[in-house]
A.B. asks: 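Take a look at this one; I'll ask things after.
Ligands are counted one by one from 1 in listed order, and the atoms in each one are counted from 1 as well.
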Amino acid sequence: MTLTVNVSFKEIQELTDKYILGTYNRYPVAFRYGVGETLFDTNNKSYIDFQCGISVTNLGHGEADIIEMLRTQSDRLFHTSNLYYSEEQAKLAETIVMNSFPSKVFFCNSGTEANEAAFKLMRKSATDRGIVSPVILALSSSFHGRSSAAMSMTGNNSIREGFGDLLPDVHFVKENDEDSLIAAFDQYGDRLAGIIMEPIIGEGGIIPLTQEFVAMARKLTTETNSLLIFDEIQTGMGRTGKMFCFEHFGFRPDAFTLAKALGSGFPIGALVVADDYAKVLSKGVHGSTFGGNHLACAIAFETFRVILSRDYLDHTVNVSHYAMERLKSMQKSNSIIKEIRGIGLHIGVELNQVSRPIAEACLRNGLVINATANNVLRVMPPINISQEKMEEGLTILENTLKEFK
Ligand SMILES: Cc1ncc(COP(=O)(O)O)c(C=O)c1O
């Protein structure tokens with residue numbers, strides 16, 4: 001039995017249809033190699049990657065230092081257990097804390113699991129305070145994952161439908177609507193465990209939360225001793241030009257979740273909990289077999305080191321500025337673009353029509369781009385993309401949009 005790298009796309013497609021559950025609406029391509037911001041498919045056709053595996057490969061493909069760390073650590077040790085201490089885990093946690101605020105970290109394997117831990121943190125901290133039926137607030141257009149708890153905090157109905165009753169006492173607030181937020185705090189005040197929000201709603205259409213809305217959430221959670229939690233799974237790790245998106249607001253949450261780009265493509269997630277709440281998830285209350293194993297933590301540590309040592313955050317801001325201006329000028333000459341929004345290289349291009357056929361056409365033209373929320377294209381290249389490659393990708397997008405004008 002061998003795993004070759006010369007199976008044709010047709011064969012890959014047939015094997016997939018035959019053996020893999022059809023839970024994904026796949027684009028008709030299989031990638032075989034990646035170099036920086038460029039992907040190559042099974043026919044060696046090249047594509048600019050504006051998708052980054054949905055905000056995962058923020059450093060592009062084949063980043064030499066990440067590969068070197070992967071090799072070194074896999075020679076040394078993959079996995080032991082959270083029954084023992086781990087240098088890689090301890091050093092990664094220190095790095096996360098040094099780059100955020102005084103806190104402690106729980107490691108897991110995905111975004112969903114990080115949010116599952118956040119859900120448990122909110123409920124446990126409320127029951128510790130004597131609240132019998134704690135209420136969690138989330139936002140109407142949110143996406144937090146596919147486990148029962150993460151789905152329960154996900155506003156998007158298409159994700160929730162068909163699974164019977166989800167977990168009780170989660171209520172939704174319209175994003176960027178302070179009245180809706182105040183009304184929810186009035187209604188549930190003494191039962192509130194906390195509120196979870198993506199600082200930029202991702203799957204829901206790249207909707208940045210306003211400073212006013214988030215500041216109001218901070219004020220109300222502080223007044224009610226409930227937690228403000230940011231889901232930084234898509235926005236973290238430099239995506240918005242800061243290591244974590246909450247830094248743009250000028251105040252901190254009580255906890256935040258990470259995954260995706262934390263491991264540069266190697267699965268790892270994290271819940272970061274401010275010291276005030278660090279005793280809530282105590283011994284035996286939560287755990288994970290794989291969570292934060294030696295290999296995952298070494299790669300995540302290296303991901304931080306690469307971002308910080310190479311000035312990639314400033315670079316992200318500069319390339320973002322260029323991309324935003326370029327997209328705005330595209331908008332002037334093509335009425336198909338309704339709105340451009342986002343922070344850093346987390347950019348949404350809202351169209352006046354369904355975005356999936358346009359993403360498919362971009363793919364044919366050599367650009368990998370993601371369609372989300374029905375009519376939004378998500379521009380999410382590696383944060384270290386050069387301006388030249390950014391321009392190359394934007395030109396493909398511009399020319400493709402003309403086909404749909
Ligand atoms: C904001 C956000 N939270 C949570 C998740 C779930 O992460 P995962 O797919 O790693 O479980 C995602 C995935 O797209 C996400 O975008």
Side-chain angles (χ1 to χ4, degrees), residues 21 23-26 50-58 106-122 136-156 158-160 166-167 170 172 175 194-209 214 228-240 244-246 253 255-272 288 290-292 296 299-300 303 341-348 359 368-373 376-380:
L21 279 178
T23 57
Y24 299 105
N25 184 13
R26 294 177 200 269
F50 269 16
Q51 202 238 15
C52 276
I54 319 183
S55 202
V56 169
T57 50
N58 279 9
F106 173 82
F107 288 110
C108 52
N109 313 289
S110 67
T112 297
E113 283 173 75
N115 287 334
E116 185 81 25
F119 184 94
K120 288 176 78 171
L121 173 76
M122 283 189 273
I136 288 174
L137 300 179
L139 303 185
S140 320
S141 303
S142 63
F143 178 75
H144 295 296
R146 305 275 190 162
S147 68
S148 296
M151 257 199 312
S152 300
M153 301 190 291
T154 290
N156 183 342
S158 67
I159 308 277
R160 301 163 58 87
L166 296 180
L167 298 179
V170 180
F172 292 96
E175 53 273 356
I195 181 164
I196 185 165
M197 51 181 79
E198 300 154 81
I200 302 173
I201 290 180
E203 301 299 309
I206 315 291
I207 307 167
L209 297 186
V214 179
L228 172 64
I229 300 191
F230 285 142
D231 175 339
E232 291 261 9
I233 286 158
Q234 244 182 73
T235 52
M237 305 309 291
R239 174 61 45 203
T240 68
F244 307 115
C245 189
F246 71 76
F256 64 100
T257 51
L258 290 174
K260 291 196 185 270
L262 176 60
S264 290
F266 197 93
I268 180 168
L271 168 70
V272 184
S288 162
F290 291 126
I299 295 169
T303 303
R341 48 184 189 249
I343 307 176
L345 289 173
H346 198 42
I347 303 172
V368 182
I369 195 165
N370 186 233
T372 192
V376 177
L377 288 172
R378 200 161 21 180
V379 175
M380 217 159 37

A.B. asks: So does Glu116 pair up with Arg146, basic N to acidic O under 4.0 Å?
C.D. replies: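 Looking at Arg146 together with Glu116, the answer is no, because their closest N to O distance does not fall below 4.0 Å.
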A.B. asks: Counting only heavy atoms from other residues, nucleotides and ligands, does the tally under 6.0 Å from CZ of Phe172 exceed 12?
C.D. replies: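 For Phe172, atom CZ is crowded (more than 12 foreign heavy atoms under 6.0 Å).
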A.B. asks: Can you list, by chain and residue number, every protein residue with a non-hydrogen atom closer than 4.0 Å to ligand 1?
C.D. replies: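 Residues Ser110, Gly111, Thr112, Asn115, Phe143, His144, Gly145, Glu198, Glu203, Asp231, Ile233, Gln234, Lys260 each place a heavy atom under 4.0 Å from ligand 1, listed by chain and number.
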A.B. asks: Apply side-chain hydrogen bond (donor to acceptor under 3.5 Å, both in side chains) to Ser264 and Thr303, showing your working.
C.D. replies: CA-CA 7 Å; Ser264 290; Thr303 303; 2.8 Å; yes
A.B. asks: To check you understand the geometry: which heavy-atom pair defines the closest contact between Ser288 and Asn109, and what is its length?
C.D. replies: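 Result for this residue pair: OG-ND2, 3.4 Å.
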A.B. asks: Can you name the nearest heavy-atom pair linking Met151 to Ile159, along with the distance?
C.D. replies: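 Smallest interatomic distance, heavy atoms only, reads SD-O, 3.4 Å.
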A.B. asks: Of all the heavy-atom pairs spanning Thr112 and Ala150, show the shortest one and how long it is.
C.D. replies: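 Residues Thr112 and Ala150, closest heavy atoms: CG2-CB, 4.0 Å.
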